[in-house]
**Q** 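Provided herewith is a single structure, encoded as structure tokens, for subsequent inquiry.
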Amino acid sequence: MNNNEALLVNEYRGGLLECAHYGHICIIDEQARIAGRAGNPHATVFTRSSAKPIQALPGIRAGIIGAYGLTDEEIAIMTASHRAEEVHVGTLESLLSKTGLAEERLVCAPSLPLDETAKERLLRQGGAHRRIYHNCSGKHLGVLAYCKMMGYPLDSYNHPDHPVQREILATLAGLAGIPEAQISLGTDGCGFPVFALPLSALATAYLKLACPDLIGDTATAEAAKVITEAMNRHPLLVAGTGRIDSILLSDPNIVAKGGFKGVYAFALRRERVGVTFKIQDGSEEEWGMIALSVLEQLGYENEETLRKLREAFPSSILNDEGWQVGQAETVFRLEP
């Protein structure tokens with residue numbers, strides 16, 4: 001354990017501590033001040049899929065909605081870590097049809113649905129792996145549609161030196177309020193560049209997504225408004241049934257998106273704060289409990305959202321038969 005990490009969640013089984021999850025939390029206000037923290041608010045993290053709304057910005061800003069006649073649903077799926085439920089697949093196939101892109105163009109690997117019901121139905125019907133079943137396929141289709149509209153190369157659209165990827169990096173740096181040189185690059189599971197930056201910078205970017213009036217460039221601000229409103233109108237498309245992204249986005253005051261390996265980002269429009277956290281061991285099971293505790297400690301007033309989180313992410317640990325066999329509890333207190 002890094003001494004800068006804070007203890008976030010304890011899990012007990014049979015009255016004994018079984019797991020302890022450490023990490024970092026950062027809350028940024030509109031004056032770019034740390035309004036709350038646990039652990040190191042400037043810890044460097046990979047964005048993973050939390051970057052997807054930002055990766056959609058260049059194409060929306062450049063006019064792909066008008067070029068292809070896109071709907072809010074098709075915009076929302078571009079930001080998604082979807083589960084390939086029926087509603088996801090239908091929206092993705094519509095996007096393929098409107099853009100005229102071949103599914104084989106996607107560099108994300110052919111996959112089976114992550115949703116267990118959808119996967120079982122597919123296999124019973126004799127279905128097979130498809131690239132659009134990959135949870136990142138909407139992001140890929142959005143970027144490919146932008147490349148096609150601009151006449152950019154399609155074969156190398158995922159390369160860091162591709163014009164679209166360079167534009168995505170510049171857009172992220174602008175929203176995060178840091179130089180591009182401060183953002184390190186890796187390769188994500190889907191084949192795209194993935195960004196490493198301070199939690200505080202990611203929180204700043206999310207605050208601007210939720211409050212586009214903080215964005216200096218008018219076209220970028222309008223694109224952020226279009227994307228995040230589509231996410232709020234169609235929260236199920238951004239993640240899936242029972243997923244934390246979809247639960248939080250059903251609240252029109254919240255813009256939210258998680259990423260693999262324990263990173264999570266959301267922002268509150270009315271309160272004008274951006275929140276990011278990282279569970280250092282990469283676990284995602286605790287996301288809901290941590291987000292709930294942050295909202296409660298901030299005095300969040302939408303009881304319906306808090307109730308949905310409590311119901312979806314209870315503190316009780318159940319076994320495969322549904323018996324309560326343990327308990328989880330958040331143990332952090334936000335520091336000013």
Side-chain angles (χ1 to χ4, degrees), residues 48-49 51-115 118-119 121-169 171 185 187-194 223 226-227 230-231 234 236-240 260:
R48 304 302 293 259
S49 287
K52 283 176 176 172
I54 297 165
Q55 289 165 310
L57 275 169
I60 300 301
R61 181 173 58 199
I64 64 171
I65 295 174
Y68 299 106
L70 301 181
T71 64
D72 272 359
E73 291 90 341
E74 290 152 354
I75 297 166
I77 205 74
M78 292 178 189
T79 72
S81 296
H82 65 77
R83 315 292 288 178
E85 296 177 64
E86 185 176 353
V87 66
H88 300 128
V89 175
T91 306
L92 291 161
E93 288 180 333
S94 174
L95 195 51
L96 279 171
S97 176
K98 286 184 177 181
T99 58
L101 291 164
E103 187 173 338
E104 292 69 32
R105 287 282 187 189
L106 279 67
V107 300
C108 50
S111 306
L112 292 173
L114 290 174
D115 180 75
K119 180 167 67 175
R121 183 185 304 117
L122 176 73
L123 293 175
R124 287 184 181 277
Q125 295 172 348
H129 293 67
R130 289 183 65 182
R131 293 185 187 275
I132 64 166
Y133 295 155
H134 192 286
N135 75 98
C136 297
S137 58
K139 172 183 72 176
H140 285 252
L141 282 173
V143 171
L144 275 169
Y146 179 33
C147 292
K148 182 179 179 181
M149 184 186 78
M150 296 297 292
Y152 293 148
L154 301 184
D155 293 338
S156 58
Y157 77 98
N158 62 310
H159 293 184
D161 59 354
H162 190 281
V164 170
Q165 295 296 344
R166 291 202 301 268
E167 187 177 352
I168 289 171
L169 176 61
T171 301
L185 297 182
T187 304
D188 216 335
C190 67
F192 256 39
V194 63
V226 168
I227 290 168
M231 293 169 73
H234 303 283
L236 186 62
L237 285 168
V238 180
F260 197 41

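Only this structure's heavy atoms are used, side chains among them; waters, hydrogens and symmetry mates stay out.
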**Q** Could you tell me whether the side chain of Y157 and the main chain of V107 form a donor-acceptor pair under 3.5 Å?
**A** yes

**Q** Using every non-hydrogen atom in the two residues, find where P53 and T79 come nearest and quote the distance to one decimal.
**A** CA-CG2, 4.0 Å

**Q** Applying side chain to side chain donor-acceptor pair (under 3.5 Å), name anything that partners K148, two or more places apart in sequence or on another chain.
**A** none

**Q** Checking salt bridge (charged side-chain N to carboxylate O under 4.0 Å, His left out) between E93 and each of K98, R131, R130, which is the one that passes?
**A** R130

**Q** Closest heavy-atom contact between P58 and T171?
**A** CG-OG1, 3.9 Å

**Q** Do I168 and V143 have side chains that get closer than 4.5 Å, going by heavy atoms?
**A** yes

**Q** Distance check, rounded to the nearest 0.5 Å: L169 atom CG versus I54 atom CD1?
**A** 11.0 Å

**Q** For the residue pair M149 and Y68, establish whether any side-chain heavy-atom pair is separated by less than 4.5 Å.
**A** yes

**Q** Nearest 0.5 angstrom please: E73 CD to H234 NE2, how far?
**A** 3.5 Å

**Q** Give me the one residue out of L96, D155, L141 that meets side-chain contact (heavy atoms from CB on, under 4.5 Å) with R105.
**A** D155

**Q** Under the rule for side chain to side chain donor-acceptor pair (under 3.5 Å), what residues qualify as partners of D72, not counting sequence neighbours?
**A** R233

**Q** What I'd like to find out is whether the side chain of L237 reaches to under 4.5 Å of the side chain of H88, using heavy atoms alone.
**A** yes

**Q** Can you tell me which residue among H162, H140, H134 is in a ring-ring contact (aromatic ring centres under 6.0 Å, His included) with F192?
**A** H140

**Q** Using the rule side-chain contact (heavy atoms from CB on, under 4.5 Å), only one of I227, T91, L95 pairs with M78; which is it?
**A** L95

**Q** Measure the CD1-CD distance between I60 and Q55 for me, rounded to the nearest 0.5 Å.
**A** 13.0 Å

**Q** Do P113 and R121 make a side-chain contact, defined as non-hydrogen atoms from C-beta onward lying under 4.5 Å apart?
**A** no

**Q** For the pair S137 and H82, evaluate side-chain hydrogen bond (donor to acceptor under 3.5 Å, both in side chains) and give the outcome as yes or no after the intermediate values.
**A** CA-CA 8 Å; S137 58; H82 65 77; 2.9 Å; yes

**Q** Give, for atom CG of N135 and atom OG of S111, the distance between the pair rounded to the nearest 0.5 Å.
**A** 7.5 Å

**Q** Would the distance check show the side chain of Y146 and the main-chain N or O of A62 forming a donor-acceptor pair, the cut-off being under 3.5 Å?
**A** no

**Q** Report yes if some heavy atom in the side chain of T99 is under 4.5 Å from a heavy atom in the side chain of L144; otherwise report no.
**A** no

**Q** Enter the distance from L112:CG to L122:CG here, rounded to the nearest 0.5 Å.
**A** 6.5 Å

**Q** Do D161 and R166 have side chains that get closer than 4.5 Å, going by heavy atoms?
**A** yes

**Q** Would a 4.5 Å heavy-atom cut-off, applied to side chains only, mark E167 and R61 as touching?
**A** yes

**Q** Determine the minimum heavy-atom distance between G69 and E74, stating which atoms define it.
**A** O-OE1, 4.2 Å

**Q** Taking all heavy atoms of R83 and all of G240, pick out the closest pair and write down the distance.
**A** CG-CA, 4.1 Å

**Q** Using a strict cut-off of less than 4.0 Å between a Lys/Arg side-chain nitrogen and an Asp/Glu carboxylate oxygen, indicate whether D188 and R48 qualify as a salt bridge.
**A** yes

**Q** So which atom in A145 and which in L101 form the shortest heavy-atom distance, rounded to 0.1 Å?
**A** N-CD1, 3.7 Å

